[in-house]
Number of protein chains: 2
Amino acid sequence: MIRLSRMADYGVVVMTHMAWRRHENQTAHQVAAGTGLPEATAGKLLKVFARSGILTSHRGAHGGYELTRTPEDISVAEIVEAVEGPIALTLCVDEHPGHCGVEALCPMRGGWNRINAALREAFEGLSLAAMAFPAPPEFAGPGGRPAVGL
Amino acid sequence: MIRLSRMADYGVVVMTHMAWRRHENQTAHQVAAGTGLPEATAGKLLKVFARSGILTSHRGAHGGYELTRTPEDISVAEIVEAVEGPIALTLCVDEHPGHCGVEALCPMRGGWNRINAALREAFEGLSLAAMAFPAPPEFAGPGGRPAVGL
DNA sequence: CAAAACAGAACCGATTTGGTTCTATTTTGC
DNA sequence: GCAAAATAGAACCAAATCGGTTCTGTTTTG
Ligand code: FES
Ligand code: FES
C-alpha cells in the first residue's frame, strides 16, 4: 500500500478538531486532550500548521491556535503538504531533474505526471469542511452512518 | 512527499523492459542487464509479477518470463498493486475496519475514500503501453523529447 | 545427471519515521 | 519586574520499514 504517513493523517485529525472548535482559541494541551493524541505530537503538528499559515498562533500565557480561514477554504491538500511536503508520488515531477536512478529508461516517465496530477487534484478538491462535517445521516447507507470501518 | 516505494518504481521499469522485448523470452539475467538493476532485485520483481499473473514464467534451462497480455491491456495499477498491495493511502478504506487509531474522530474519514478512489482510477487508467511507448517527439516540448528531468 | 533457470523464504544493514525532550522566546497577570 | 503559561524550534532517540542479498529448493532441458 502507498501509505500516507501517520503524521499527515494525524494532521488532518488535528485540523478537524480545530474546525470543530473554530473561533475558540485552542492550546496544544486542549487539542491533545480533544483528539487523544500525545501532547508533544499534537504540539508539533500545530507548530507546523502555524508556520504554513493555515493556523495563527498566539504565544505567551493564554496563547493558542486558531484557524486563519474557514474550513471550507482550507483544502486537505494544504494540510497534507504542510506535513509531508509537495504532493507527488515520484521524484521525476515538475522538471525536478537529477534523480533518475535508471536513466536509460527515463523517457517513459512522463506517465507519472498524470498520476501525480490526479492525486494532487483529489487532495485539492477536498476541503477541511468536507472532512470535519461529513454528509448528514440521511445520505448514508443502512445503519444511519456513512460507511467508515469500525 | 507521499512516496511510491522504489520497488514499485523499479517494477514499472522492469515491466517496461518486458514490453519492449515483448514475445522474446527474457531471463532475469537479461532483464537485469537491460534495465541496469541488480540481478537479484530484478529477479525478485519478476517473481512477484509472475505470481500476480501479468507475466508467465518458464522454469528450467532456457526458462524466462514473458508478458501474458499486450502492454495496452496491462495497467500500471496492476504493476504497482503486485508490488505494493492494494492502492490506497489509508487503512480506513472499503469497509476494512478495526484500524481506527483515534476512533473518537472516525466518522470524518469518509473523505479519504474519495482520494483513494481518485488515485486508484489514475493508476488504472494508465496502461503499460502508455508508459513504455510515450507520445512521439512531435508532441514534446523544445528539445524533441517529452520533458522528463535529466 | 548436470547445468540453467525460476520459486520462495530468510536475513541483514541502512534509512525513515514517530515521537520525545530540551532550550529559547513571548505574553500575561500579579 | 517576575513568575507562570504558552508557543518556536531544533536536537535527539528508538523502533519500524525498506531495499537488497543470500540461501535452499524445484523444475526443465539436453
Ligand atoms: S528523471 Fe525521473 S526517471 Fe528520469
Ligand atoms: S476506521 Fe479509519 S479512522 Fe476510523
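Per chain, numbering begins at 1; letters A, B, ... match sequence-line order.
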Test item: B:W112 and B:L89 side chains (from C-beta on) under 4.5 Å apart, heavy atoms
no

Taking B:W20 for the side chain and B:A132 for the main chain, is one N or O donor matched with an acceptor at less than 3.5 Å?
yes

Could you go through the side-chain contact (heavy atoms from CB on, under 4.5 Å) check for B:E24 and B:Q26 one step at a time?
CA-CA 6 Å; B:E24 295 174 30; B:Q26 292 285 304; 3.5 Å; yes

Could you tabulate the donor-acceptor pairs under 3.5 Å formed by side-chain atoms of residues 38-47 of chain A, not counting sequence neighbours?
{"unit_1": "A:E39", "atom_1": "OE1", "unit_2": "A:H29", "atom_2": "ND1", "d": "3.0"}
{"unit_1": "A:E39", "atom_1": "OE2", "unit_2": "A:H29", "atom_2": "ND1", "d": "3.3"}

Taking the side chain as every heavy atom from C-beta outward, state whether B:M18 and B:L128 have any atom pair closer than 4.5 Å.
no

Check whether any side-chain heavy atom of A:T56 sits under 4.5 Å from a side-chain heavy atom of A:H58, and report yes or no.
yes

Counted 5' to 3', the first and last nucleotides of DNA chain C within 4.0 Å (strictly under) of a heavy-atom of chain B are C:dA4 to C:dG8

B:Q30 side-chain N/O to B:T27 backbone N/O, donor-acceptor pair under 3.5 Å
yes

Rounded to the nearest 0.5 angstrom, the OG1-CD1 distance for B:T16 and B:I79 is 6.5 Å

Hey, can you pull the residues of residues 38-59 of chain B with a non-hydrogen atom under 4.0 angstrom from DNA chain D?
B:P38, B:A40, B:T41, B:K44, B:R59

Who passes side chain to side chain contact (heavy atoms under 4.5 Å, CB included) against B:V48, sequence neighbours left out?
B:A82

Ignoring hydrogens and angles, write down the donor-acceptor pairs under 3.5 Å from the side chains of residues 60-75 of chain B, residues two or more places apart or on other chains.
{"unit_1": "B:T68", "atom_1": "OG1", "unit_2": "B:G53", "atom_2": "O", "d": "3.2"}
{"unit_1": "B:T68", "atom_1": "OG1", "unit_2": "B:I54", "atom_2": "O", "d": "3.3"}
{"unit_1": "B:R69", "atom_1": "NH1", "unit_2": "B:D73", "atom_2": "O", "d": "2.8"}
{"unit_1": "B:R69", "atom_1": "NH1", "unit_2": "B:E78", "atom_2": "OE1", "d": "3.2"}
{"unit_1": "B:R69", "atom_1": "NH1", "unit_2": "B:E78", "atom_2": "OE2", "d": "3.3"}
{"unit_1": "B:R69", "atom_1": "NH2", "unit_2": "B:E78", "atom_2": "OE2", "d": "2.8"}
{"unit_1": "B:T70", "atom_1": "OG1", "unit_2": "B:E72", "atom_2": "OE1", "d": "3.3"}
{"unit_1": "B:T70", "atom_1": "OG1", "unit_2": "B:D73", "atom_2": "N", "d": "3.3"}
{"unit_1": "B:S75", "atom_1": "OG", "unit_2": "B:A77", "atom_2": "N", "d": "3.4"}
{"unit_1": "B:S75", "atom_1": "OG", "unit_2": "B:E78", "atom_2": "N", "d": "3.2"}

Anything under 4.0 Å to a heavy atom of chain A counts; send over the first and last such nucleotide of DNA chain D, read 5' to 3'.
D:dA5 to D:dG9

